[in-house]
There are 2 protein chains.
Amino acid sequence: MSENKIPDIVIGRLPLYLRSLQRMQQENRIITSSQELGERLGISAAQIRKDLSLFGEFGKQGTGYNIPYLIEKIQQILHVDRVWDVVVVGAGDIGSGLARYQGFSNRGFRVAMIFDRDPLKIGAKIGNFIIQDSHNLSETIRKAGIKIAMIAVPSSEAQTVANQLIKGGVRAILNYAPISISVPPHIQIQYIDPSIHLQRMTYYLE
Amino acid sequence: MSENKIPDIVIGRLPLYLRSLQRMQQENRIITSSQELGERLGISAAQIRKDLSLFGEFGKQGTGYNIPYLIEKIQQILHVDRVWDVVVVGAGDIGSGLARYQGFSNRGFRVAMIFDRDPLKIGAKIGNFIIQDSHNLSETIRKAGIKIAMIAVPSSEAQTVANQLIKGGVRAILNYAPISISVPPHIQIQYIDPSIHLQRMTYYLE
DNA sequence: ATTAATATGTTAAAATCTAAACATAAGAAG
DNA sequence: CTTCTTATGTTTAGATTTTAACATATTAAT
C-alpha cells in the first residue's frame, strides 16, 4: 500500500489491466473481479490483487472492483489521466501509420508532430500533419515541451535521432527501428520489433 | 545444457541476442564477449552466459564467442534457420505497412499473403500482393501450410479473425489489435500495442 | 616454459516474483 | 438478526530468476 518501490514488472502489467477495464467499460459493465480480469488476460487473480494492493485498496470485499473507479486510479498511477503530446520521427510506412493511427485516443496520447529528413517529404501532409524537417528536431520539440517520441527511421539513423530527441528534452522513447539504442539512465526506452515477437513464438513451433 | 525445460523468459531474450549479433556481423566483427553483448543490450554478462549455457557450449574460454557460429546456433534454437511464410489479416495502415515492411528478411520471415474483408480493397495491390477476400481465409492458409499470422484488423474483429486463423492451422499469432484475445493453450500469441509501451513509460515521467 | 590476463561455463547464494492460503468485510438470503 | 456466499487485501510459502563467485581453458607475453 505504501510508496516503497514498485517493481517494474508490476508497472508493465498495469497498462494491460487498464486496457481490459476500458474494454469492459465500453461493454457498459460496472463491476468486475480479479478473477474475471485474470481470465481475460491469462493472469492469476492473486497476481492482480497483489499488484493493485501495492497502490491502495481499490476494491470492495465480497463485491469486487468498480470499473470506472479502478480505471481512474490506474490512469492516475500511470500518469495517463491527461493527454501527452508525442512526436513521430520518420515519415515512412511506420511513421505515417503512427501519425494516422486512431488507437491513441483514450489511452493518454496524441501525435503532435511528425518529422523526416527527406526533402521530398518535408512539407507534405500526412493526415492533418505537415512533415517537418528533422534538422530542427531538438529545438522544435523543446519549444513544444514534448517529452515522448516514437522513432520510425532506418536502423542506421536511430541512435542519431535518439540523441537529438534527448537533447530536445524527450524523456521517453518508443523505438520501432530494429536496433538497440544506448540512452542515459534517466531516459525511458521501449522497443517494438515484430521479428522479435515472431522469433519468440517460432521456438515453440515444429 | 540438457533438454530439460527452458524458461520462457530465456526464450524471450534469445531474439535480442540474435539481433545484436547480426548487427555485429554487419559490422564485420568476428568475435564478441558476453560482456560486450550485455553492454549493448543492457543485460548482465552473467545472464547471457547462463542463458546460452542452457543450450550448449557455444563460446571458447579466454576468447569469447564466434559471431557467425553463435548466430547459427541461436537461429537453430529459435527455428529461424529457415524462412516462415506469414499471413497478414487486415489491409489498413498497419497491415499494408507490414506487407511492405523490409525488416523481415534475414530474420526468418516473409509475408506471403494479405487479406481483408472490405470489397473495395479486395483485388487491389499492396506491393506485390493482391489483397484477398478474408472470407476464404481458413481454407487458403491451410492449403498454403501457413503457421504464422499477424492480425491488423479493428479490435471488434480480432477474436473472429483469430478463430478463423486457428481453424486454418495457424499456430502463432502476432496481434496488433489493442485487445486481449482468447486462444487454446497450444496456440502462441503475442501482442503489439504502442499505447501499452507508452503507458509503461509515463509511470516514470513527471 | 612459465606467468599473467581473459572470458567461458557452472555452482552457489541472493533476490525477486508468483501462487496459495486465509482472515475479514460486504452483501444476499432466509 | 443470523447465516451463507463472495471476493478483497494480506500474509506466508514456494518457485523462479538474477547475481556473484570461481574453477577451468585459452591466448598472449615475458
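Just so we're clear, the structure is a prediction, and the values are computed from it rather than from any experiment. Below, read A as the first sequence line, B as the second, and so on, with proteins coming before strands; counting in each chain starts at 1.
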Any side-chain to backbone donor/acceptor pair from A/Gln159 onto A/Ser182? Under 3.5 Å, distance only.
yes
Between CG of A/Leu54 and C1' of D/dT8 the distance, given in whole Å, is 15 Å
Q. Do the non-hydrogen side-chain atoms of A/Asn66 and A/Ile30 ever get within less than 4.5 Å of each other?
A. yes
Value for OH (B/Tyr17) from CG (B/Leu37), rounded to nearest 0.5 Å, stands at 7.5 Å
B/S/- along nucleotides 18-28 of chain C (protein heavy atoms under 4.0 Å) is SBBB--BBSS-
Which atoms of nucleotides 28-30 of chain D (N or O only) lie under 3.5 Å from a protein N or O atom, and what are those distances?
none

Separation of D/dT17 atom P from B/Ile6 atom CD1, nearest Å, is 11 Å
Margin query: If we ignore hydrogens and angles and just use 3.5 Å, is the side chain of B/Ser138 paired with the main-chain N or O of B/Gln164 as donor and acceptor?
Written below: yes
Q: Indicate yes or no for a side-chain donor-acceptor contact from B/Ser33 to the backbone of B/Gly64 under 3.5 Å, with no hydrogens or angles considered.
A: no
B/Lys73 NZ to C/dG9 P, in whole Å, measures 13 Å
Discussion item. Can you see if the side chain of B/Tyr65 gets near the phosphate of C/dT6 - specifically, an N or O under 4.0 Å from OP1 or OP2?
Written reply: no
In whole angstroms, the gap separating P of C/dT16 from CD1 of A/Ile11 amounts to 15 Å
What residues 18-33 of chain A contributes to the DNA chain C interface at heavy-atom separation below 4.0 Å is none
task: Answer yes or no: are there more than 12 heavy-atom neighbours, outside B/Asn128 itself, under 6.0 Å from its atom CG?
output: no
### Side chain B/Glu36, main chain B/Ser34, donor-acceptor under 3.5 Å
no
Whole-Å distance, B/Asn66 CG to D/dA25 C1', equals 17 Å
In whole angstroms, the gap separating C1' of C/dT6 from CD of B/Gln35 amounts to 10 Å
B/Asp116 side-chain N/O to B/Ala91 backbone N/O, donor-acceptor pair under 3.5 Å:
yes
Task: Side chain to side chain, A/Arg107 and B/Pro178, heavy atoms closer than 4.5 Å - done: yes
When rounded to whole Å, the CZ to P distance for the pair A/Phe55 and D/dT8 reads 17 Å
**Minimum side-chain heavy-atom gap B/Val80-B/Leu18 below 4.5 Å** = yes
How are the rings of B/Phe55 and A/Tyr203 set relative to one another: parallel (under 30°), tilted (30 to 60°) or perpendicular (over 60°)?
perpendicular
Atom CD of B/Glu36 and atom P of C/dT6 are separated, to the nearest Å, by 15 Å
